[in-house]
There are 2 protein chains.
Amino acid sequence: MKMSEGVEWALHCCLTLVWLGDETAVPTSTLAAAFDIPSHYLNKFLQALVRADILVSTAGAKGGFRLARKPEKITLLDVVTAIEGSDGAFRCAEIRRRGAGAAAKPGEFALPCGIAIAMGRAEAAWRRELAAQTILDLVKAAPPAGAERMRCWYAPRAR
Amino acid sequence: MKMSEGVEWALHCCLTLVWLGDETAVPTSTLAAAFDIPSHYLNKFLQALVRADILVSTAGAKGGFRLARKPEKITLLDVVTAIEGSDGAFRCAEIRRRGAGAAAKPGEFALPCGIAIAMGRAEAAWRRELAAQTILDLVKAAPPAGAERMRCWYAPRAR
DNA sequence: GCGATGCTACTCGGATAAAAACTGTCCGAGTGGCATCGG
DNA sequence: CCGATGCCACTCGGACAGTTTTTATCCGAGTAGCATCGC
């Protein structure tokens, strides 16, 4: 059960896009350089964010990405779901119905598997916590020095 | 981010061991037949449960597995951790320190990454929910018919 | 008859391949800006 | 001098390999019970 590192990348990119402002679109190569990660691979995740309506992309010269919504309207759950998909980590395969359970009376399995319910309850708590936090919260919590340094580093690149 | 199916198998096996009672040790082959899953592979996960002190194993003829503790003393978190490991799904790679962040002032990264904190908060909620439920809770929630059928199926095999 | 002993069948346990998912890389389609050309 | 036009550089987007994690399988070490043999 390992989460893709793309989640961390995506969140950092959203944070960076807030810091750099909404004036200019930031291309993949710039974001990749900011964190020293492979740009072509990062692009893959940024595309996923576009499909989830978290970012908008503009093609051509001076193109790039910018936030599709205000930072307070993007929850961490939105980003995680965009990268990891909407399926939960635990997936009930209904093994109770196989083997010795194959001869069950009809209707016995009408109510869902208790194990699936228990695991689902835990994942619901996880999602609730993620949905309660937004990109704006991350911006507020981050030290201003990082934002300032990022802007200074970016300034000469903004054309 | 997919959880191993071994978690579902392990939980169902714990439930089954409660149903079949603590009198006899149940071998891997029997548990595998109960759910029609590959026995050699299931054995791998049962070993993990033994290492986590959730099951105890006895070798030789009439050997097998039984619960190491009472059902109310085994939480779902214990089982999930035994199979999946104790590491969380999200792992902060500290990418903020690389690339443009490489020239940071010393001490700027003294406090941990806000993204890691936010993700950790969600995982903590997930763990809390898992730790609040025990195998005994699953037994109580499961329909008695399943337990009864499992016992009838097992009876001729118990030597 | 009773006990010790050797054997057999059965179990767990870890080491070993196949499959899937994730990670990383590449090139093509499309777009905006700019220089050039004509009026 | 002003506007339209063609070209070029830059960007996103999806298709293509490499590598790690997960899934599946196998055989060896060890133990409990039973039959046999000796006393």
(request) Give one of base, sugar-phosphate or nothing for B/T28, where a contact means two heavy atoms less than 4.0 Å apart. (result)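 Touches sugar-phosphate only.
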(request) Scan B/G6 against the nucleic acid and name what it touches under 4.0 Å (heavy atoms): base, sugar-phosphate only, or nothing. (result)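 No contact.
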Between [N] atom [atom2] and [X] atom [atom1], what is the distance in whole Å?
X     : N      : atom1 : atom2 : answer
B/I37 : D/dT25 : CD1   : C1'   : 15 Å
A/M3  : D/dT22 : CE    : P     : 14 Å
A/E5  : D/dT19 : CD    : C1'   : 12 Å
B/I95 : C/dT23 : CD1   : C1'   : 15 Å
A/K2  : C/dA20 : NZ    : C1'   : 14 Å
B/F35 : D/dA24 : CZ    : P     : 16 Å
A/L31 : D/dC10 : CG    : P     : 18 Å
A/I83 : C/dC22 : CD1   : P     : 12 Å

(message) Does the protein touch nucleotides 31-36 of chain D at the base, only the backbone, or not at all? Give it as B, S and - per nucleotide, heavy atoms under 4.0 Å.
(response) BS----
At less than 4.0 Å, is any side-chain N or O atom of [X] found next to OP1 or OP2 of [N]? Yes or no.
X     : N      : answer
A/S57 : D/dG13 : yes
B/R51 : C/dG14 : yes
A/T58 : C/dT31 : no
B/S4  : D/dT23 : yes
B/R66 : C/dT11 : no

(request) Would you please name every residue forming a ring pair (Phe, Tyr, Trp, His ring centres under 6.0 Å) with A/F109, sequence neighbours left out? (result)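 For A/F109 there are no ring pair (Phe, Tyr, Trp, His ring centres under 6.0 Å) partners, ignoring immediate neighbours.
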(request) Output all residues satisfying ring pair (Phe, Tyr, Trp, His ring centres under 6.0 Å) with B/F90, sequence neighbours left out; order by chain, then residue number. (result)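 Partners of B/F90 by the ring pair (Phe, Tyr, Trp, His ring centres under 6.0 Å) criterion come out as none, since no residue qualifies.
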(request) Please name all residues satisfying salt bridge (Lys or Arg N to Asp or Glu O under 4.0 Å) with B/R151, sequence neighbours left out, ordered by chain then number. (result)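 Salt bridge (Lys or Arg N to Asp or Glu O under 4.0 Å) list for B/R151, sorted by chain: B/E148.
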(request) Report the residues that fulfil salt bridge (Lys or Arg N to Asp or Glu O under 4.0 Å) with A/R97, sequence neighbours left out, ordered by chain and then residue number. (result)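 Result, salt bridge (Lys or Arg N to Asp or Glu O under 4.0 Å) vs A/R97: A/E94.
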(message) Keeping A/E84 on the side-chain end and A/S4 on the backbone end, is there a donor-acceptor pair under 3.5 Å?
(response)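 Present.
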(message) Tell me whether A/D53 is salt-bridged to A/K73, with the criterion being a basic N under 4.0 Å from an acidic carboxylate O.
(response)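 Not counted as a salt bridge, because no side-chain N and carboxylate O are separated by less than 4.0 Å.
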(message) Could you go through B/Y154 and B/W19, starting from their C-alpha distance and side-chain angles, then the distance that decides it, and tell me whether this counts as ring-ring contact (aromatic ring centres under 6.0 Å, His included)?
(response) CA-CA 10 Å; B/Y154 176 67; B/W19 283 344; over 10 Å; no
(request) Could you check which residues of residues 40-49 of chain A get a heavy atom under 4.0 Å from DNA chain D? Sort them by number, please. (result)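 Going residue by residue through residues 40-49 of chain A, the ones with a heavy atom under 4.0 Å of DNA chain D turn out to be A/N43, A/Q47.
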Give every donor-acceptor pair under 3.5 Å between a side-chain atom in residues 124-131 of chain B and any protein atom, sequence neighbours left out.
from, atom 1, to, atom 2, distance (Å)
B/R127, NH2, B/S86, O, 3.4

(message) Under the rule for side chain to side chain contact (heavy atoms under 4.5 Å, CB included), what residues qualify as partners of A/E72, not counting sequence neighbours?
(response)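 Partners of A/E72 by the side chain to side chain contact (heavy atoms under 4.5 Å, CB included) criterion, ordered by chain and then number, come out as A/K70, A/L136.
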(message) For A/R66, give me all partners under side chain to side chain contact (heavy atoms under 4.5 Å, CB included), at least two apart in sequence or on another chain.
(response)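 By the side chain to side chain contact (heavy atoms under 4.5 Å, CB included) rule, A/R66 matches A/D22, A/A25, A/V56.
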